Structures are given as C-alpha cells and as structure tokens.
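Report on the structure given below.
Numbers here are sequence positions counted from 1. Order of appearance sets the numbers: ligands from 1, and atoms from 1 within every ligand. Source: prediction; values computed, not measured.
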Amino acid sequence: MSDRPKRLRRCQLSVPGSSDKMMTKAAAMEVDHVFLDLEDAVAPNQKAAARGMIVNALNTLDWKPKTLCVRINDVDTEYCHDDIIEVVTGAGDKLDTIMLTKAKSAHDVMFVHLLLDQLEAKLGLKKRIGIECLIEEVEGMMNVDSIAACSDRLECLVFGMGDYSASQAMNIRNIGEGDAAYPGDIWHYPRYKMTIACRVHGLDPVDGPYANFRNPDAFRTECVRGYTLGMVGKWAIHPSQVEIAQEVYSPPQKAVDSARKQKAAYEEALQQGLGAINVDGVMVDAATVRILQNIIDKADMIGM
Ligand code: COA
Ligand code: MG
C-alpha cells in the first residue's frame, strides 16, 4: 500500500466553478474539503470560462486549512483533458486532488493518472496531486474493486447516488432520497459494496449528495447511515448541510473517551496475561481494540 496522504473528509462541499460568489463563500467556511466543480453544476457554455475562474479562485482566495479539489468532466467528454491541463497548469501547486466523474473502469482513472504524471514533470510540481473518483455508473459499480486498486494516486471513492440512480433506472424522487415503496434502505447495497472495496485498498469511502437541502433531519439520517457502515464523510451541496455532516462524521467525545479507557484497560490486562477482560460490564478483547482503534485514529486526526 502506498503512503497516501491522510485527510479529513467528514464533509466535501460542492461549489459550482462558474460562481465567484459561491467560491468566495466556500473559502471562508469551516469544512474539511471543498471541490470546485466543472461538471454538472456548470452549464456547457460556461465550462471553458469556469476553468479560468477556478484557477483564479485557487490562486487568490484565502482557503484556510482545507483540502482543495477540482471536479472534472468525465473521460468520454470533450472537456476532460482541457479541464486537467488548464487547472493543473494554472494552479497545480494549490491543488490537493482532482475528482474524476463517471468512471466506468480502471482505464478511465489511468487516463487522469498519466496526464498528471506528464503535467507534474513538465511543471516541476513538488506536491503530488491525488485522485478522487466517483462511482456513479453501473459499470463503475461492477468494476469498483479494480478501480480501487488501479492507482496509487487514488485517495477516495465517492458513491454518487444521483447519476447512479439514473444509470440503474431507479425510481426515486430527489437525489439521495430513499423511497418508502422499497422495503429497506435503497442505498444499502451500493454503499456497502463501495465501502468494502475502499477498505481493501486503503481508500476513503465517501457518500454523495442529498439534494433536498431544506430537509436537515433526513440529511442527518443519511449521514448516520454512512457513518455506521464505515464511510468517512458525506457531500454537502448547500452550506446548511456542512455542519451536520462534520458533526455526524466526528466520533462523539463520550465514545472517544470510552475507547481510550477500554484500550488502556486492555493493555494493562495484557501485562497480567489476560486476553479478554470485563470493562464496565462489557467484554473487551483484541477484536474490540481493533474496532476502538478506528475511533481513536479518527479522533487523533480531528484533534479531539
Ligand atoms: N457553496 C457555497 N455557497 C453556496 C452554495 C455552495 N454549494 N450553495 C449556496 N450557497 C450560498 C448562496 O450563494 C447564498 O449566499 P448569500 O446568502 O450570500 O446570497 C447562500 O449560500 C444561501 O443559499 P440559498 O439562497 O439558500 O440557495 P441558492 O438558491 O442560492 O442555491 C443551489 C441553491 C442548490 C442552486 C446551490 O446551493 C448550489 O448551486 N449548490 C451546489 C450544486 C452543485 O454543486 N451540484 C453538483 C454536485 S451534486
Ligand atoms: Mg454525477
């Protein structure tokens, strides 16, 4: 496994690259990760201009500590190569990652990987640019394991439920919403499948958008579902969703304190030759400590 940079992705805020106003607002916000969009939030007749606006925003705004990403058009479009070349040439040293849309196979990711190799060499960039990849086509979901394995630039996969539901011809109302007609969580299988592939290959699994931004309770429910099955964060398409995602995807302080206490008790017990112990009425053993370590690692990253 490569030395992938460790980044917080409790929330990834989507910001249209054709809006100076929204990019300025996003720069000032407290959020782990922002991606400036060249894809679906930008009308085709604005895409060329938006590249320049993104380069300008990356170079001139004070972004505070956050991961900076640009979302590009997919490899089947006429825009993809120019998106990468213009943004990396103009602001490659400010950029942490490029997010590829609608990947169907490992070849799509390798196109981005190889173009970044060439640009970084040509421009003499010191910092290696990572790749984030949307799984939002049925082909991408079927190939998720080979996609996750294909590039040491990959840092995360995102389950993009908007395009995914279209690709599978699912019958849903708004992007990201479940459906009462379906007995169970309609997103269970794809989220689960993608999360497993990410964990096998050391990538962060991220959950995609929830379009009805006037329904914070339902958004929170979706965050809790992703957090519970091991995802690291969720997209926000509107500022009002950011705080909810950041909060749900941070372990509660009580859980962090308890994890550290149980781990310490277990380590002490090992010295006495005990492999399984009783901590406040709960059995703690080596498997427990593996589970707790995930909470402790996340808390350490957040600085809790
Ligand atoms: N990033 C930064 N700022 C945003 C924002 C975003 N994603 N979405 C809204 N804002 C700003 C608005 O400009 C507005 O600023 P103001 O108070 O200074 O005027 C404020 O937040 C409140 O916005 P609101 O009026 O409630 O929403 P809106 O009607 O302006 O915008 C959307 C609604 C959905 C069009 C807008 O949120 C949006 O474009 N979201 C991103 C869409 C996207 O990226 N889609 C692709 C990925 S799925
Ligand atoms: Mg999409």
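P239 CD, 3.4 Å is the protein heavy atom nearest to atom 8 (N) of ligand 1. Among all protein heavy atoms, the one lying closest to atom 22 (C) of ligand 1 is H238 NE2, 3.8 Å. Nearest protein heavy-atom contact of atom 37 (O) of ligand 1 is I237 O, 3.3 Å. Of the protein's non-hydrogen atoms, the one nearest atom 39 (O) of ligand 1 is P16 CG, 3.6 Å. Scanning all protein heavy atoms for the shortest distance to atom 34 (C) of ligand 1 gives F213 CE2, 3.7 Å. Among all non-hydrogen protein atoms, the one lying nearest atom 17 (O) of ligand 1 is K25 NZ, 3.6 Å. Given atom 1 (N) of ligand 1, the protein heavy atom at minimum distance is V15 CG2, 3.8 Å. With hydrogens left out, the protein atom closest to atom 7 (N) of ligand 1 is S14 O, 2.8 Å, a heavy atom.
Under 4.0 Å is where a charged nitrogen must lie from a carboxylate oxygen, and between D297 and K6 no such pair does. Ion pair D280/K261 flagged as a salt bridge, since at least one NZ, NE, NH1 or NH2 atom sits closer than 4.0 Å to an Asp/Glu carboxylate oxygen.
Between the side chains of R10 and S250, a donor-acceptor pair is found at a separation under 3.5 Å. Judged by distance alone, the side chains of D257 and Q253 do bring a donor and an acceptor atom under 3.5 Å apart. Inspection of the K47 and N73 side chains reveals an N or O donor paired with an N or O acceptor under 3.5 Å.
The distance between the ring centers of F35 and W235 falls below 6.0 angstrom.
In this structure, atom 28 (P) of ligand 1 is not in close contact with the protein, since no protein heavy atom lies within 4.0 Å of it. Inside a 4.0 Å radius of atom 3 (N) of ligand 1 there is at least one protein heavy atom.
With Q12 as the fixed residue, the side chain to side chain donor-acceptor pair (under 3.5 Å) test singles out one of E132, K66, R71, K234: E132.
Close approach to K21 involves these atoms of ligand 1, each under 4.0 Å from a residue heavy atom: 13 (O), 15 (O), 16 (P), 18 (O), 19 (O). Applying the 4.0 Å criterion to heavy atoms of A41 picks out, from ligand 1, the atoms 43 (C), 44 (O), 45 (N), 46 (C). Below 4.0 Å from some heavy atom of R214 lie the following atoms of ligand 1, by number and element: 26 (O).
E136 lies close to the Mg ion (ligand 2), since one of its N, O or S atoms is found at a distance under 2.8 Å.
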> Given the rule in the side-chain hydrogen bond (donor to acceptor under 3.5 Å, both in side chains) test, do H33 and D96 qualify, once you have shown the distances and angles that lead to the verdict?
Replying inline: CA-CA 10 Å; H33 179 294; D96 296 304; over 6 Å; no
> Should Q262 and Y266 be marked as a side-chain hydrogen bond (donor to acceptor under 3.5 Å, both in side chains) after you check the CA-CA gap, both sets of side-chain angles, and the distance that decides it?
Replying inline: CA-CA 6 Å; Q262 289 183 321; Y266 174 76; over 6 Å; no
>> Under the criterion salt bridge (Lys or Arg N to Asp or Glu O under 4.0 Å), I'd like the reasoning laid out for R7 against D32: C-alpha separation, chi angles, the key distance, then a yes or no.
In response: CA-CA 8 Å; R7 308 184 202 277; D32 290 342; over 6 Å; no
>> Please evaluate residues F213 and F219 with respect to the criterion ring pair (Phe, Tyr, Trp, His ring centres under 6.0 Å), reporting the C-alpha separation (whole Å), side-chain torsions for both, the decisive distance (0.1 Å), and the verdict.
In response: CA-CA 8 Å; F213 57 87; F219 178 76; over 10 Å; no
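Of the N or O atoms in R71, none lie within a sub-3.5 Å distance of an N or O in ligand 1. Note: no N/O pair closer than 3.5 Å links W235 and ligand 1 by distance alone. Of the N or O atoms in D37, none lie within a sub-3.5 Å distance of an N or O in ligand 1.
The backbone N or O of G233 sits nowhere less than 3.5 Å from a side-chain atom of D207 that would complete a donor-acceptor pair. Side-chain atoms of T288 come within 3.5 Å of backbone N or O of D285 as a donor-acceptor pair.
The closest approach between a heavy atom of D40 and any atom of ligand 1 is not below 4.0 Å. A heavy-atom separation below 4.0 Å is not found between Q241 and ligand 1.
In M29, neither the side chain nor the backbone holds a heavy atom less than 4.0 Å from any atom of ligand 1. Residue contacts with ligand 1, taken as heavy atom pairs separated by less than 4.0 Å, involve M22 via backbone and side-chain atoms alike. Using a 4.0 Å cut-off between heavy atoms, M161 makes no contact with ligand 1 at all.
Hydrophobic clustering (side-chain heavy atoms under 4.5 Å, transitive across Ile, Leu, Val, Met, Phe, Trp, Tyr) groups I196 together with M161.
Closest N/O/S atom of D163 to the Mg ion (ligand 2): OD2.
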